[in-house]
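Below, chain A is the first sequence line, B the second, and so on; all start at residue 1.
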2 protein chains.
Amino acid sequence: MTDQRWLSPAELSAWKKFIAVVELLPGVLDSQLQRDADLTHFEYFSLAMLSEAPDETLRMTALASLTNSTLPRLSHVVSRLEQRGYILRSPCAEDRRATNASLTAAGRKKVMHTAPGHVGTVLANVISPLSADDVNDLDRIMGTLLEKLDPENRFQARGA
Amino acid sequence: MTDQRWLSPAELSAWKKFIAVVELLPGVLDSQLQRDADLTHFEYFSLAMLSEAPDETLRMTALASLTNSTLPRLSHVVSRLEQRGYILRSPCAEDRRATNASLTAAGRKKVMHTAPGHVGTVLANVISPLSADDVNDLDRIMGTLLEKLDPENRFQARGA
DNA sequence: CCCCAATGCTTGACGCAACAACCTTCCGCC
DNA sequence: GGCGGAAGGTTGTTGCGTCAAGCATTGGGG
């Protein structure tokens, strides 16, 4: 904390732009999903993780790890998604403390129906403005940062 | 929305990592500031913007633009910071609808005292892991994205 | 000169996230 | 085999962000 180095001009420039993007991007994603599917990005992401899981089912803890959320937060969100009919909770046979969350047919349909618009937003706002080289650089840089921010690789548990 | 292109493997890889960082980074920044200064990143950023402004004073609208927030949000946050003695509100002479927000002496001290730790966190988690080339690439890529996400350049009103 | 729309900001109500407290089940150990 | 601690989830409370009004001021057109 007494590491009293400041940022160089080049570093400061990059940092300011980076933090601006970090603040703005979630709003863009959330707005589109909210408007078109009445889902937050976190809700969509949770459903998407389930849709990619074997049997479209995950333990709460596993899903919390994949979505980088706390268990209490996930529990609340899953409760809402369950009430809306997208997710079904069931006790886990192997460990009776645990709860499995599974995608319902309606949930699967919701994800499939929502994905194109979301992907379109990502393309329009992030991918399309960048060149192929930019995308590679972005991949490399974010990979480096993830090693710092998420050492256990919980978030990126699924392969590149 | 019927632009039914999907993401290429390279794009998908970059996107997954990027979104992971976007989700994780705010938490890292907020945690450090909360722990060491009892401030959210947004509160710190607001104070920092004021500290760089002429007379350490800005109209609410101008500050909202710099911090990329809505006016209601800013109004609430400024109310809290005012109660804590870091900011003073005063009516604007030129336009009696407007409100000026100024840094108090305590607010200035708070920013000066908080900045080093915050910069240290940024260095440790974002800048240090990257090479000089990485930083340049990051600057270029985020600049490109900002043109899409913030066309009016409100967020980056101050020079690079 | 007056009216009316637009601007600048504030306030109140509601929803979601973080934190803490709690209950249940599992497991290691004696 | 039963005791204590750890792991897995759920439930309340508090705090912040968003949205919808609302009030005051300004500026432009009749």
Measure from [atom1] on [X] to [atom2] on [N] and round the result to the nearest Å.
X: B:N100; N: C:dT10; atom1: CG; atom2: P; answer: 11 Å
X: A:L39; N: C:dG15; atom1: CG; atom2: P; answer: 17 Å
X: A:R89; N: C:dT24; atom1: CZ; atom2: P; answer: 17 Å

Classify the ring geometry of A:H41 against A:Y44: parallel below 30°, tilted from 30° to 60°, perpendicular beyond 60°. tilted

Opening and closing nucleotides of DNA chain D in contact with chain B, under 4.0 Å to non-hydrogen atoms: D:dC16 to D:dT26

Which pairs pass salt bridge (Lys or Arg N to Asp or Glu O under 4.0 Å) with one or both residues in residues 125-135 of chain A, sequence neighbours excluded? A:D134-B:R140

With rounding to the nearest 0.5 Å, note down the distance linking [atom1] in [X] to [atom2] in [Y].
X: A:L74; Y: A:S79; atom1: CG; atom2: OG; result: 9.0 Å
X: A:L39; Y: A:S46; atom1: CG; atom2: OG; result: 9.5 Å
X: A:L130; Y: B:F18; atom1: CG; atom2: CZ; result: 8.5 Å

Could you tell me whether the side chain of B:K17 and the main chain of A:I141 form a donor-acceptor pair under 3.5 Å? no

Side-chain donor/acceptor of A:E43 to backbone N/O of A:L81, under 3.5 Å: no

Residues that A:E23 engages under salt bridge (Lys or Arg N to Asp or Glu O under 4.0 Å), provided they are two or more places apart: none

Closest-nucleotide ordering on DNA chain C, the 5'-leading residue of B:A62 and A:A93: B:A62

Considering only nitrogen or oxygen atoms on both sides, find all protein atoms under 3.5 Å from nucleotides 16-18 of chain C and state each distance.
unit_1: C:dA17; atom_1: OP1; unit_2: A:R73; atom_2: NH2; d: 3.1
unit_1: C:dA17; atom_1: OP2; unit_2: A:R80; atom_2: NH1; d: 3.3

Where along nucleotides 3-8 of chain C does protein come under 4.0 Å, by heavy atom, of base (B) or sugar-phosphate alone (S), with - for untouched nucleotides? ----BS

Partner residues of A:S102 under the side chain to side chain donor-acceptor pair (under 3.5 Å) criterion, sequence neighbours left out: A:T57

Going by atom types only, do B:D30 and B:T40 share a side-chain donor-acceptor pair under 3.5 Å? no

